[in-house]
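Data first, discussion second: the structure below is written as structure tokens.
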Amino acid sequence: MGTKSRIECIFFSEFHPTLGPKITYQVPEEYISRELFDTVQVYIITKPELQNKLITVTAMGKKLIGCPVCIEHKKYSRNALLFNLGLVCDAQTKTCALEPIVKKLSGYLTTLELESGFISNEESKQKLLPIMSTLLEDLNADGSCTLPIDESNTIHLKLIELRKDPVIVQEYDVPVFTQNKDYFIKTQWDLTTQQILPYIDGYRHIQKISAEADVELNLVRIAVQNLLYYDVVTLVSIFQYSNVYCTTPDVQTLIDDKSLQEECLDYVCKAGQRASLRDVFLLYCGLTPGTTVRDLCSRYSLQLQRVDERKLIQFGLTKGLIRRLQKYPVKVIRDERSRPPRLYTGCHSYDEICCKTGMSYRELDERLENDPNIIICWK
Amino acid sequence: MYKPVSPSMDYTADHKSAFKQPERNAIISGDRTSPISVILVSSGSRGNKLLFRYPFQRVSENTSSSANKQRSPYALNTAGDAADDQDGDSREQTPLTDEQLVAGFSDIILATILATKSDMCGKKFELKIDNVRFVGHPTLLQSPHTIQVSKTDPSPKREMPTMILFSVVFALRANADPSVISCMHNLSRRIAIALQHEERRCQYLTREAKLMLAVQDEVTTMTETDGTPQSPFRQILPKCKLARDLKEAYDSLCTTGVVRLHINNWLEVSFCLPHKIHRVGGNHIPPEALESSLKAIRPYHALLLLDNEKTLLAQLPLDCSPALVRLIKTCSAVKNLQQLAQDADLALLQIFQIAAHLVYWGKAIIVYPLCENNVYMLSPHANIRLYSPLAEQFAQQFPGHDLPSMLAKFSLPISLSEFRNPLDAPMHEAQLIQMVVWMLQRRLLIQLHTYACLLVPPTEDEEHGLKEEEPLLAARLGGRSLSTPNALSFGSPTSSDDMTLTSPSMDNSSSELLPGSDSPLNKRMTETLLASLTEQERQGILSVPAAQSPEDLRMFARLLHYFRGHHHLEEIMYNENMRRSQLKTLFDKFRSVLVVTNHEDPVISIFQSPPE
């Protein structure tokens with residue numbers, strides 16, 4: 001989600017004892033037309049059943065987000081005060097991030113009213129207009145706003161972009177920083193993350209980080225999942241010279257995208273050396289099913305004089321230029337009496353099995369390659 | 001839902017709960033592509049009414065015994081909605097089921113908020129309240145100022161309660177995908193069009209509404225006398241066809257995703273939800289990806305039916321187009337769309353349209369036509385589990401063979417010709433084709449194609465960093481753009497050569513017809529074609545030994561614009577009417593300036609391995 005949700009208007013609507021539902025203040029002026037308000041007023045000043053709910057209604061090309069509040073007390077004419085402070089955006093805008101703000105604002109106003117009659121008092125109500133203007137400006141500019149209302153109350157608001165849920169992090173995944181690690185400000189993060197930070201080097205997998213940093217495995221998984229959520233790291237698979245990779249259709253973006261080329265050459269070339277685009281592209285295209293990294297090294301030794309193969313693979317994986325082919329053992333023939341296979345079901349890759357059982361890749365390979373009951377699938 | 005931890009917090013204390021959350025929520029949150037409820041409301045001279053809703057509310061025991069307030073028995077305790085604590089954060093301990101989300105709204109409030117004013121009619125209606133999103137298409141039945149008397153009623157004019165507008169509303173979870181929301185709106189609109197038509201023709205909607213309201217009144221009276229609360233909507237179902245239709249629509253959307261209704265037993269409304277139909281493994285193919293893929297199919301692609309012919313034909317309605325039937329009967333995995341057009345005696349454009357239609361409804365996918373040179377590999381999303389139902393089905397279909405062994409054979413890319421054993425009976429070959437088709441239908445295989453890219457080795461100047469800034473290869477080799485869909489390019493009749501596909505006639509056609517390979521005209525043409533390259537690239541190409549042969553050089557220059565990694569071998573063969581062996585030889589001769597790689601065709605790969 002690149003575009004920030006832009007607020008077009010902030011309005012304050014209430015139920016006037018004689019005039020009925022009306023817009024008392026709106027910033028900028030005259031933004032909501034008479035017709036628009038007539039159409040949507042039933043969602044702004046609502047029946048009791050809908051009070052305190054976040055209501056978003058789309059009409060006439062605009063989206064209105066509000067949270068109707070009702071405060072009952074004998075002192076009010078009609079024994080209740082009904083109001084709603086809402087936002088207006090264009091109908092195409094994604095407004096999920098604005099909802100907590102509207103809810104929070106309605107909470108603030110309710111508190112202010114209960115504490116000091118902020119809204120029912122005509123004089124203090126007028127302070128709302130400058131408050132709303134400031135809110136509109138600050139939220140659109142920075143996405144946050146801190147505004148003192150009176151001596152004892154301050155409004156703190158922040159627009160938080162919602163992101164996609166991250167995947168579950170497995171013990172055989174390897175976290176890689178998406179940007180230069182030096183830009184990472186340690187002190188902003190929690191203790192666990194700070195403790196595992198030195199061990200995230202793009203080569204250590206979760207199990208190894210947990211062992212070396214002396215942090216419990218599940219904690220490491222959660223910490224990395226959190227970093228994943230904020231796009232600070234991405235996940236790749238363990239690097240071994242026996243790994244097999246193949247190209248994806250996205251490998252062609254290396255040819256089409258100039259900035260990607262620069263980034264790639266900067267990242268994968270050995271210190272003080274500069275490889276050509278052709279060398280790097282040749283190397284990526286040299287990764288095919290059936291070819292291990294070791295084979296690549298021997299076949300393209302000339303190109304690899306200037307390129308670090310581990311960084312090459314890492315870059316290719318993080319940008320989606322190549323993908324890893326994993327081996328999955330499946331036990332096909334077995335006696336009726338023996339137990340059903342637990343790990344050799346086609347669901348667990350070699351990486352996973354090695355991590356879970358503590359075997360090395362070579363040991364597992366030796367064990368399975370010669371077993372006639374087991375077939376191996378690569379995908 | 002995932003609850004992120006902002007950088008300044010320390011969460012080590014409840015790490016256990018943080019991990020359990022996603023699984024728990026997955027079970028409770030339900031399917032995000034299914035609706036929660038379907039509601040029919042109307043607005044007229046009798047005010048706003050909720051005519052029907054499904055699923056029915058469960059009426060709790062408490063309401064009947066509360067004698068303090070006169071409450072409608074159909075309003076549940078809003079206990080479900082009190083899941084918000086003072087801060088407005090939803091409490092995690094009692095997540096709401098889908099039913100409770102909408103059940104918390106009483107009939108009366110729904111009628112008020114969903115039966116909109118007439119100026120919101122004819123447009124998409126979208127309303128979000130906390131965790132529920134309502135979407136519909138309010139439709140005007142008549143101008144609000146005129147009262148229409150039924151033409152079929154010969155009795156003297158009297159004031160009849162009239163309906164001004166109505167709306168079929170679907171309630172969804174608030175976090176539903178925007179494309180799901182617009183699909184639901186589409187369905188609401190289609191049903192509305194059918195109902196509007198039937199209302200104008202024979203007042204169908206008014207009659208059904210009258211029935212529904214009568215049953216509701218009846219049940220209310222009964223409840224007041226008996227004291228036992230019942231849901232009136234349960235009583236409405238057996239009496240009203242429209243209620244049954246709406247229930248059926250809801251049930252179909254929640255299960256198969258395919259809706260077929262007959263409004264008033266007359267008008268057919270059919271609809272499919274692509275998110276349910278196009279599921280591969282755990283992922284669904286997003287409708288936008290599907291559409292862009294369909295726009296890019298070429299005459300050399302083939303249509304592969306996902307069901308067998310008989311089943312598919314049986315599903316078609318009686319009045320379906322004969323072209324569709326002909327196409328289904330003539331299509332085959334080894335025939336490309338162009339050949340299909342000839343065999344079915346239809347225009348190529350029509351074939352494209354019908355093929356797209358079948359793909360959209362999940363009845364077929366697009367593949368490259370099967371032939372012995374095709375190279376296949378296991379799809380990264382292939383279901384290779386030992387205990388999957390696929391293994392059983394395979395064993396039934398092909399006795400004597402087991403799926404895991406077959407899958408293992410495709411672990412490395414393998415062409416179909418490599419399976420061929422000269423000692424095998426011809427029947428084995430046919431069976432192999434059948435097995436490959438079976439595996440393609442179940443999204444187990446991807447096909448690999450060869451792509452070539454022009455990259456000249458750098459000269460010594462370059463290596464010392466004296467290279468000038470040059471525009472990207474793609475920009476320089478612009479020339480003819482082949483990325484636009486070719487639904488409109490018609491080819492000549494198929495040649496007898498089974499490996500070469502016919503090519504559409506292109507403007508800058510080849511100079512093969514010109515005699516004399518050394519003629520100055522040909523030389524000039526070659527020079528022009530090479531002019532778009534940089535000096536360094538030109539030198540690189542000319543220094544290849546094969547460039548000494550003018551014919552080879554000319555062929556290379558002519559094909560230059562394909563060498564940017566976006567056109568695979570088979571496409572070049574089709575467009576330029578060349579044999580595979582010719583192209584492969586050319587690639588080999590110029591291998592010092594070309595980089596060749598194999599991967600799947602991104603245009604059709606979404607059918608076998610959708611994006612994450």
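The sequence lines fix the lettering, A, B, ..., with proteins before strands; numbering per chain opens at 1.
Looking at Val596(B), only its backbone comes within 4.5 Å of chain A, counting heavy atoms on both sides. Neither the backbone nor the side chain of Val167(A) comes within less than 4.5 Å of any heavy atom in chain B. Neither the backbone nor the side chain of Phe134(B) comes within contact range of chain A, judged by heavy atoms closer than 4.5 Å. For chain B, the nearby parts of Val57(A) are the backbone and the side chain; heavy atoms of each come within less than 4.5 Å. For Ser605(B), no part sits under 4.5 Å from any heavy atom of chain A, backbone or side chain. Looking at Leu594(B), the atoms closer than 4.5 Å to chain A (heavy atoms on both sides) all sit in the backbone: N, CA, C or O. Contact annotation for Ile446(B): only side-chain heavy atoms (C-beta onward) come within less than 4.5 Å of a heavy atom of chain A. For a residue to count as touching a neighbouring chain, one of its non-hydrogen atoms must lie under 4.5 Å from one of that chain's; by this rule Ile55(A) touches chain B with backbone and side chain alike. Using a 4.5 Å cut-off between heavy atoms, Val593(B) contacts chain A through its backbone alone, with no side-chain atom that close. For Asn598(B), the part lying under 4.5 angstrom from a heavy atom of chain A is the backbone only. Residue Glu99(A) touches chain B through its side chain alone, counting heavy-atom pairs closer than 4.5 Å.
With chain B as the partner, the residue from Gly107(A), Pro249(A), Ser106(A) showing the most heavy-atom pairs under 4.5 Å is Pro249(A). Your options are Pro166(A), Cys347(A), Cys246(A), and the one with the most heavy-atom pairs under 4.5 Å with chain B is Pro166(A). Counting heavy-atom pairs under 4.5 Å between each of Leu282(A), Leu50(A), Thr288(A), Thr46(A) and chain B puts Leu50(A) at the top. Residue with the most contacts toward chain A among Thr116(B), Leu378(B), Leu127(B): Leu127(B) (heavy-atom pairs, distance under 4.5 Å). Top candidate by heavy-atom pairs under 4.5 Å with chain A, chosen from Thr112(B), Leu412(B), Ile113(B), is Ile113(B). The candidate with the highest count of non-hydrogen atom pairs below 4.5 Å against chain A, out of Asp402(B), Leu407(B), Asn383(B), Asp119(B), is Asp119(B). For the set Lys123(B), Lys124(B), Arg133(B), Met377(B), the count of heavy-atom pairs under 4.5 angstrom toward chain A peaks at Met377(B). Considering only heavy-atom pairs separated by less than 4.5 Å from chain B, the leading option among Leu277(A), Thr248(A), Leu227(A), Val42(A) is Thr248(A).
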task: I would like to know whether Thr597(B) and Gln252(A) meet side-chain contact (heavy atoms from CB on, under 4.5 Å); could you show each step before the answer?
output: CA-CA 10 Å; Thr597(B) 182; Gln252(A) 307 296 349; 3.9 Å; yes
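More than 12 heavy atoms of other residues, nucleotides or ligands lie within 6.0 Å of CZ in Arg323(A), so this atom counts as buried by the packing criterion. With a 6.0 Å radius and a threshold of 12 heavy atoms from other residues, nucleotides or ligands, Gln273(A) has its CD atom above the threshold. Within a 6.0 Å radius of CD in Glu35(A), other residues, nucleotides and ligands contribute 12 heavy atoms or fewer.
Looking only at side-chain heavy atoms (C-beta outward), Pro341(A) and Tyr387(B) come within less than 4.5 Å of each other. Annotation: side chain of Pro178(B) is in contact with side chain of Lys94(A) (closest heavy-atom distance under 4.5 Å). Looking at Ser106(B) and Glu49(A), their side chains come closer than 4.5 Å, going by heavy atoms from C-beta outward. Lys379(A) places a side-chain heavy atom less than 4.5 Å from the side chain of Ile384(B).
Remark: Lys53(A) qualifies as a cation-pi partner of Phe105(B) under the 6.0 Å distance and 45° angle criteria applied to the six-membered ring.
Considering OG1 of Thr95(A) and NZ of Lys128(B), their distance stands at 6.0 Å, rounded to 0.5 Å. Taking OH from Tyr43(A) and CD1 from Ile129(B), the interatomic distance works out to 8.0 Å, rounded to the nearest 0.5 Å. Once rounded to the nearest 0.5 Å, the distance linking OG1 of Thr39(A) with CE of Met120(B) reads 6.5 Å. Atom-to-atom distance recorded for Ile375(A):CD1 and Ser411(B):OG is 7.5 Å, nearest 0.5 angstrom. The structure places OG1 of Thr247(A) at 10.0 Å from OH of Tyr451(B), a figure rounded to the nearest 0.5 Å.
Here the side chain of Arg278(A) pairs a donor or acceptor atom with the backbone of Leu455(B) at under 3.5 angstrom. Panel note: side chain Lys117(B), backbone Asp38(A); a donor-acceptor pair is recorded below 3.5 Å. Panel note: side chain Lys47(A), backbone Ile109(B); no donor-acceptor pair is recorded below 3.5 Å.
Donor-acceptor pairing under 3.5 Å is lacking for the side chains of Asp250(A) and His599(B).
With respect to the salt-bridge test (charged N to carboxylate O, under 4.0 angstrom), the residues Glu126(B) and Lys63(A) do not qualify.
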